[in-house]
Amino acid sequence: MNKELKDVKDQAEIVRTLIEQALEKIDSARNWGLYDIFAGGMISSMVKRGRMKESNQLMEEIERALQRLQKEYGDINLELPEQLNLDFASEMFDVWFDNIFTDLSVQSNLKKRREQLVYLYDQVDELDKLITIELNK
């Protein structure tokens, strides 16, 4: 039983680390987004979009890690946030037709994604605390 709980704890740590990395990318994208709104242009939009793509790649890793965690633990239901919209049309409007409306929409989406990831992190952290209590019994 302790080995199984230890495996769950280890997997929870992997998920938390990936979420922290995704949050760093989102925070970077948000910072570039603010720069893009007030003083930026094509280059800041491209850097912001690059951070968003990196965040989406981490989301795929988080999804796989969550699946492993749910397989290890079984009785948990953790919901993964949606990926950021990176389709050609939104990127074209953001980069090539740089405008305040697109920039504000992207900032709103980044804020929402960040809040969802923080909520997921808190859920995984709570699970980790419960496992720690069980291991210390």
Side-chain angles (χ1 to χ4, degrees):
M1 179 70 162
N2 276 355
K3 184 189 178 331
E4 292 169 353
L5 287 176
K6 177 76 170 96
D7 290 344
V8 173
K9 188 170 178 55
D10 291 345
Q11 191 60 41
E13 182 59 35
I14 291 169
V15 172
R16 284 194 318 210
T17 299
L18 289 169
I19 293 171
E20 289 168 355
Q21 292 171 0
L23 286 170
E24 287 174 10
K25 297 299 179 186
I26 287 175
D27 288 342
S28 177
R30 287 180 73 197
N31 290 338
W32 278 101
L34 288 174
Y35 179 78
D36 193 25
I37 289 169
F38 296 109
M42 185 182 298
I43 292 174
S44 58
S45 291
M46 290 172 61
V47 173
K48 173 182 65 182
R49 286 281 165 175
R51 297 301 187 275
M52 291 167 64
K53 288 175 186 173
E54 292 167 354
S55 170
N56 276 352
Q57 290 168 346
L58 284 163
M59 290 301 296
E60 291 171 8
E61 290 182 47
I62 292 168
E63 182 175 20
R64 288 189 295 274
L66 275 177
Q67 288 170 351
R68 288 189 299 272
L69 178 61
Q70 289 172 325
K71 183 180 176 186
E72 291 282 342
Y73 195 69
D75 192 27
I76 56 173
N77 185 21
L78 300 173
E79 200 169 309
L80 188 67
E82 296 176 19
Q83 290 202 355
L84 294 167
N85 183 8
L86 296 175
D87 64 16
F88 178 75
S90 67
E91 188 162 356
M92 183 179 74
F93 277 107
D94 191 20
V95 175
W96 299 104
F97 300 108
D98 193 33
N99 66 75
I100 188 86
F101 303 110
T102 305
D103 292 342
L104 290 173
S105 175
V106 170
Q107 284 298 102
S108 175
N109 289 335
L110 288 168
K111 180 181 178 205
K112 180 181 173 187
R113 164 67 82 72
R114 187 179 200 298
E115 290 168 353
Q116 292 170 336
L117 278 173
V118 167
Y119 180 72
L120 178 61
Y121 183 92
D122 290 344
Q123 288 180 304
V124 174
D125 195 51
E126 188 64 32
L127 174 65
D128 184 60
K129 288 176 185 172
L130 292 172
I131 293 167
T132 301
I133 290 170
E134 286 296 316
L135 285 171
N136 291 329
K137 283 186 177 178

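Computed over heavy atoms, backbone and side chain alike; hydrogens, waters and symmetry mates excluded.
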Starting from [Y], can I reach [X] by hopping between I/L/V/M/F/W/Y residues whose side chains sit under 4.5 Å apart?
| X | Y | result |
| --- | --- | --- |
| Leu69 | Ile19 | yes |
| Leu18 | Val118 | yes |
| Val47 | Leu104 | no |
| Met52 | Tyr35 | no |
| Val15 | Leu5 | yes |

Minimum heavy-atom separation for [X] to [Y], with atom names?
| X | Y | result |
| --- | --- | --- |
| Ser55 | Ala22 | OG-O, 4.2 Å |
| Gly33 | Gln107 | CA-OE1, 3.2 Å |
| Ser45 | Asp36 | OG-OD2, 2.7 Å |

Nearest-0.5 Å distance that lies between atom [atom1] in [X] and atom [atom2] in [Y]:
| X | Y | atom1 | atom2 | value |
| --- | --- | --- | --- | --- |
| Leu66 | Gln70 | CG | CD | 6.0 Å |
| Asp103 | Ser108 | CG | OG | 12.5 Å |
| Met42 | Arg49 | CE | CZ | 13.5 Å |
| Asn136 | Ile131 | CG | CD1 | 12.0 Å |

### Message
If the test is side-chain contact (heavy atoms from CB on, under 4.5 Å), which one of Lys111, Lys48, Arg30 qualifies with Val106?
### Response
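Single pass found, and it is Lys48.
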
### Check: Ser28 side chain, Glu24 main-chain N or O, donor-acceptor pair, under 3.5 Å
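Absent.
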
#### Entry: Thr132 side-chain N/O to Asp128 backbone N/O, donor-acceptor pair under 3.5 Å
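Such a contact is found between Thr132 side chain and Asp128 backbone.
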
Does a side-chain heavy-atom distance below 4.5 Å link [X] with [Y]?
| X | Y | result |
| --- | --- | --- |
| Lys53 | Asn56 | no |
| Arg68 | Arg64 | yes |
| Gln21 | Thr17 | yes |
| Gln123 | Tyr119 | yes |
| Lys3 | Asp7 | yes |
| Met59 | Leu117 | yes |

### Task
Would you please name every residue forming a salt bridge (charged side-chain N to carboxylate O under 4.0 Å, His left out) with Asp125, sequence neighbours left out?
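Listed in chain order: Arg16, Lys129.
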
### Query
Among all residues two or more places apart in sequence or in another chain, which pass the side-chain hydrogen bond (donor to acceptor under 3.5 Å, both in side chains) test with Tyr121?
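Tyr121 satisfies side-chain hydrogen bond (donor to acceptor under 3.5 Å, both in side chains) with Glu20 once adjacent residues are dropped.
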
### Message
Are there over 12 heavy-atom neighbours, none belonging to Lys25, within less than 6.0 Å of that residue's NZ?
### Response
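No, because the 6.0 Å sphere around NZ of Lys25 holds 12 heavy atoms or fewer from other groups.
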
